[in-house]
Amino acid sequence: MSAQITIKLFASFREAVGEGSLNWPLPPSGNLTAGKLLAALVAEYPTLSGPSKAARIMLNRQYANPDAALTAGDEIAFIPPVGGG
Amino acid sequence: MSAQITIKLFASFREAVGEGSLNWPLPPSGNLTAGKLLAALVAEYPTLSGPSKAARIMLNRQYANPDAALTAGDEIAFIPPVGGG
Amino acid sequence: MAKIIRITDQPIDLQELVEAVTNERNGGVVLFSGVVRRWNEGQEVHWLEYEAYKEAAEEAMALIAQEVEQRWDTRDIAMAHRVGHLEIGEVAVGIAVGAAHRTEAFDACEFAIDTLKATAPIWKKESWEGQGGQQGEKWVENKV
Amino acid sequence: MAKIIRITDQPIDLQELVEAVTNERNGGVVLFSGVVRRWNEGQEVHWLEYEAYKEAAEEAMALIAQEVEQRWDTRDIAMAHRVGHLEIGEVAVGIAVGAAHRTEAFDACEFAIDTLKATAPIWKKESWEGQGGQQGEKWVENKV
């Protein structure tokens with residue numbers, strides 16, 4: 001079984017993808033950043049293109065930068081503008 | 001029956017006078033202000049002398065000035081520094 | 001006109017105050033609850049006794065409600081102050097304000113308790129004990 | 001550590017939040033309750049649907065509690081946010097803070113709701129109807 005990342009999807013992202021969660025394989029090189037993963041996800045689901053511009057990143061449930069490196073087992077989420085409270 | 005003012009007494013004033021309420025006769029001239037009434041009350045109950053300096057006046061349940069004129073049936077209160085809340 | 005204005009010798013029902021100002025117009029409701037502390041300026045408090053000029057205190061609270069309405073455009077304010085003997089941890093005063101947006105509700109509620117403490121004819125006697133064991137009772141004034 | 005941190009699909013019990021932060025150390029307790037309004041920017045709201053990244057939202061709330069403790073020296077904070085379908089007038093979020101003095105309780109509570117709205121991964125879908133009868137559903141972003 002190949003090494004994977006879990007992508008959590010919420011709100012407009014969840015609706016665009018049609019799933020609340022995706023398993024995403026790490027590339028053979030093992031080199032992947034949060035920002036590159038988002039770009040790959042948008043390439044797969046073009047309707048994410050607009051929403052992705054305003055999205056923030058959470059890596060293992062904490063806010064992170066696009067250059068954060070991903071490793072097997074990480075949980076990543078792309079956070080559309082929030083509306084709680 | 002002579003024309004009277006009702007004096008309401010609270011907290012340190014009530015304790016100094018030993019009553020929560022006094023009936024006070026209007027002078028025959030009918031001329032009496034809130035400030036003069038307070039001075040007369042202090043003359044009668046000298047232990048009020050200290051507390052009276054910090055007291056505010058309520059005439060018919062609203063804050064008033066010492067030069068407010070009193071008429072028969074008025075309700076006056078001398079308000080020591082408050083401590084509500 | 002305020003929803004609730006009350007001087008009472010009964011325990012204050014905070015839920016009642018909140019519900020009185022919660023409705024479909026108000027996105028934000030803020031409640032302040034003033035509680036009897038055990039320690040006050042280094043002295044231990046045994047109990048408090050609140051005394052009010054009831055009718056005048058309720059008029060002072062009504063004036064606060066009027067000013068809240070003028071400044072923050074809401075009539076949804078509920079205020080209750082307790083009198084009589086209070087033990088540590090009991091609620092002495094409760095003020096709830098509802099407004100369209102939360103900033104207004106916070107500002108109006110803080111204004112209301114600040115103004116109540118400065119203007120309402122209510123007095124507090126404290127039974128205290130010092131660090132060295134000395135004891136006493138005193139009328140406590142609000143700081144201006 | 002906060003007294004209560006909770007994302008829940010059940011109605012929020014405001015009394016529970018207030019009681020969790022009321023004790024003999026705290027002279028002031030402030031509660032904020034966020035309520036679903038019927039009118040929002042000229043449109044009538046039919047209902048709201050809240051969605052949360054539950055574990056991350058609870059971590060964001062725990063961070064808020066940490067900062068409240070550092071800035072206002074109190075651990076007495078209780079926070080609950082509801083998810084799922086909400087009707088007009090229902091409570092979406094409740095935050096209670098207890099502190100020694102009232103100014104701290106007001107400031108900390110307002111900070112907590114402001115920061116929750118800016119940082120907690122929670123989303124709101126609104127079913128709306130315009131003045132002309134047009135209808136729709138949309139994700140509503142908080143203003144920054």
Side-chain angles (χ1 to χ4, degrees), chain B residues 4-24 32-35 37-38 41-42 45-85, chain C residues 5-8 12 32-37 40 45 48-64 66 79-84 86 91-95 109-126 128 137-144:
Chain B
Q4 292 190 321
I5 307 286
T6 301
I7 306 180
K8 304 281 275 182
L9 300 159
F10 300 96
S12 55
F13 270 60
R14 177 180 50 72
E15 290 179 336
V17 171
E19 302 276 355
S21 183
L22 289 177
N23 289 316
W24 197 272
L32 184 63
T33 63
L37 176 54
L38 178 56
L41 189 68
V42 171
Y45 301 93
T47 54
L48 286 178
S49 171
S52 73
K53 293 184 176 62
R56 286 185 284 174
I57 294 158
M58 279 189 138
L59 179 56
N60 298 325
R61 303 172 184 175
Q62 305 205 321
Y63 285 105
N65 292 319
D67 58 4
L70 306 183
T71 57
D74 278 348
E75 178 177 300
I76 193 164
F78 301 108
I79 308 290
V82 298
Chain C
I5 286 182
R6 183 186 297 157
I7 301 287
T8 174
I12 290 176
F32 173 76
S33 160
V35 181
V36 180
R37 286 196 298 160
N40 191 25
V45 177
L48 296 180
E49 182 95 23
Y50 281 96
E51 176 176 344
Y53 183 6
K54 184 175 190 296
E55 302 79 6
E58 289 177 346
E59 284 199 28
M61 290 153 83
L63 280 177
I64 293 170
Q66 271 184 29
M79 288 180 270
H81 200 298
R82 193 161 162 201
V83 291
L86 270 79
V91 176
V93 58
I95 300 181
C109 188
E110 194 162 12
F111 166 83
I113 179 63
D114 288 352
T115 308
L116 183 149
K117 286 178 84 92
T119 66
I122 301 173
W123 299 271
K124 175 168 71 178
K125 178 172 262 188
E126 183 182 280
W128 60 272
E137 296 179 8
K138 66 179 178 202
W139 293 102
V140 180
E141 303 174 12
N142 288 333
K143 299 186 188 79
V144 184

Quiz item: In terms of heavy-atom pairs under 4.5 Å with chain B, which of V93(C), L116(C), T119(C) leads?
Solution: T119(C)

Quiz item: Ignoring hydrogens and geometry, is there a side-chain-to-backbone donor-acceptor pair from Y50(C) to G83(B) under 3.5 Å?
Solution: no

Practice problem: Show the numbers, then the answer: is there a side chain to side chain contact (heavy atoms under 4.5 Å, CB included) between W123(C) and R14(B)? | Solution: CA-CA 11 Å; W123(C) 299 271; R14(B) 177 180 50 72; over 6 Å; no

Practice problem: Heavy-atom distances under 4.5 Å only: say whether A60(C) touches chain B with side chain, backbone, both or neither. | Solution: neither

Quiz item: Should the pair E15(B)-K125(C) be classified as a salt bridge under the 4.0 Å nitrogen-to-oxygen rule?
Solution: yes

Practice problem: Would you mind checking which part of Y53(C) comes under 4.5 Å of any heavy atom in chain B, side chain (CB onward), backbone (N, CA, C, O), both or neither? | Solution: both

Quiz prompt | Contact winner vs chain B - E126(C), E141(C), E51(C), K143(C), heavy-atom pairs under 4.5 Å | solution = E51(C)

Quiz item: Any side-chain heavy atom of P121(C) sitting closer than 4.5 Å to one from F10(B)?
Solution: no

Practice problem: Counting only heavy atoms closer than 4.5 Å, note whether A118(C) contacts chain B via side chain, backbone, both or neither. | Solution: backbone

Practice problem: Please report the closest heavy-atom contact between G84(B) and K117(C), naming both atoms and the distance. | Solution: O-CG, 3.4 Å

Quiz item: Between M58(B) and E59(C), is a side chain to side chain contact (heavy atoms under 4.5 Å, CB included) present by the stated rule, with each step listed?
Solution: CA-CA 11 Å; M58(B) 279 189 138; E59(C) 284 199 28; over 6 Å; no

Practice problem: Could you tell me which non-hydrogen atom of A92(C) sits nearest to which non-hydrogen atom of G85(B), and how far apart they are? | Solution: CB-O, 4.4 Å

